[in-house]
Amino acid sequence: MAYNVYFTDVALKSLQRCSQKNKDMIFKGIEQLAEDPLNKSNVKKLVNFDAAAYRLRVGNYRILFDREDTLEIIDIIDVLQRKQAYQRR
């Protein structure tokens, strides 16, 4: 059963700045995440990071998200390039 995916305004604005090739790659990664978020290999739980609880690695991009298993919801917090993803906010 697939999870429902919701995007924050910040994540949508970040996606607008990406090239179409990168958008396609990112959306494919998010679709795979929604299908089975518990067994995705490129997902890592973030420690001491206030913005999000998890990250998904897709190429040079990091998708920061929170997951609610009981409601089967994934909230995409932001989509950033690797070099920007872990800077303190």
Side-chain angles (χ1 to χ4, degrees):
M1 184 181 299
Y3 280 48
N4 292 318
V5 178
Y6 299 97
F7 292 85
T8 64
D9 292 337
V10 173
L12 292 174
K13 192 176 278 190
S14 295
L15 280 170
Q16 287 177 344
R17 291 187 289 244
C18 296
S19 69
Q20 188 60 44
K21 178 182 174 185
N22 288 328
K23 284 181 194 176
D24 293 341
M25 183 175 59
I26 289 167
F27 281 123
K28 182 178 178 184
I30 291 172
E31 285 177 14
Q32 292 173 351
L33 175 69
E35 288 298 318
D36 192 10
L38 303 176
N39 294 321
K40 186 79 170 119
S41 63
N42 291 333
V43 172
K44 192 173 206 180
K45 184 163 178 56
L46 298 175
V47 179
N48 296 329
F49 197 75
D50 296 334
Y54 299 92
R55 71 99 172 117
L56 169 65
R57 181 174 54 97
V58 177
N60 285 333
Y61 286 87
R62 302 300 181 260
I63 301 166
L64 304 176
F65 69 96
D66 288 328
R67 185 181 77 207
E68 180 58 51
D69 292 328
T70 55
L71 299 174
E72 296 184 345
I73 293 174
I74 295 175
D75 289 321
I76 306 296
I77 306 299
D78 206 352
V79 178
L80 298 167
Q81 289 185 347
R82 180 181 60 85
K83 62 185 175 185
Q84 300 169 335
Y86 305 112
Q87 295 174 355
R88 290 283 177 194
R89 296 175 185 236

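- When every heavy atom of A2 is checked against every heavy atom of E35, the shortest pair comes out as CB-OE2, 3.6 Å.
- If you take CG on D75 and CG on L64, they are separated by 12.5 Å, rounding to the nearest 0.5 Å.
- Within the 3.5 Å criterion, the main-chain N or O of D78 finds no donor-acceptor partner in the side chain of R62.
- Taken together through direct or relayed side-chain contacts under 4.5 Å among Ile, Leu, Val, Met, Phe, Trp and Tyr, Y6 and V43 form parts of separate hydrophobic clusters.
- Residues T8 and I77 share a closest heavy-atom pair of OG1-O, 2.7 Å.
- More than 12 heavy-atom neighbours from other residues, nucleotides or ligands sit within 6.0 angstrom of CG on D69.
- Between Y3 and L33 there is no side-chain heavy-atom pair separated by less than 4.5 Å.
- Counting non-hydrogen atoms of other residues, nucleotides and ligands closer than 6.0 Å to CG of N60 gives a total of 12 or fewer.
- Judged by distance alone, with hydrogens and angles left aside, the side-chain atoms of S14 form no donor-acceptor pair with the main-chain N or O of L80 at under 3.5 Å.
- Clustering ILVMFWY residues whenever any of their side-chain heavy atoms sit less than 4.5 angstrom apart, transitively, puts F27 in the very cluster that holds M25.
- Judged purely by atom type and a 3.5 angstrom limit, D66 uses its side chain to pair as donor or acceptor with the backbone of A53.
- With contacts defined as side-chain heavy-atom distances shorter than 4.5 Å, the pair K44/R57 does not qualify.
- Rounding to the nearest 0.5 angstrom, the gap separating the OG atom in S19 from the CD1 atom in I26 is 8.0 Å.
- Here the shortest heavy-atom pairing between R55 and N42 reads NH1-O, 2.8 Å.
- For the pair V58 and K28, the minimum side-chain heavy-atom distance is 4.5 Å or more.
- Between Y54 and F65, the two ring planes are parallel [angle under 30°; tilted spans 30° to 60°].
- Summarising the geometry of I30 relative to L56, their closest heavy-atom pair is N-CD2, 4.3 Å, with the distance given to 0.1 Å.
- The distance from atom OH of Y61 to atom CZ of R82, rounded to the nearest 0.5 Å, is 12.5 Å.
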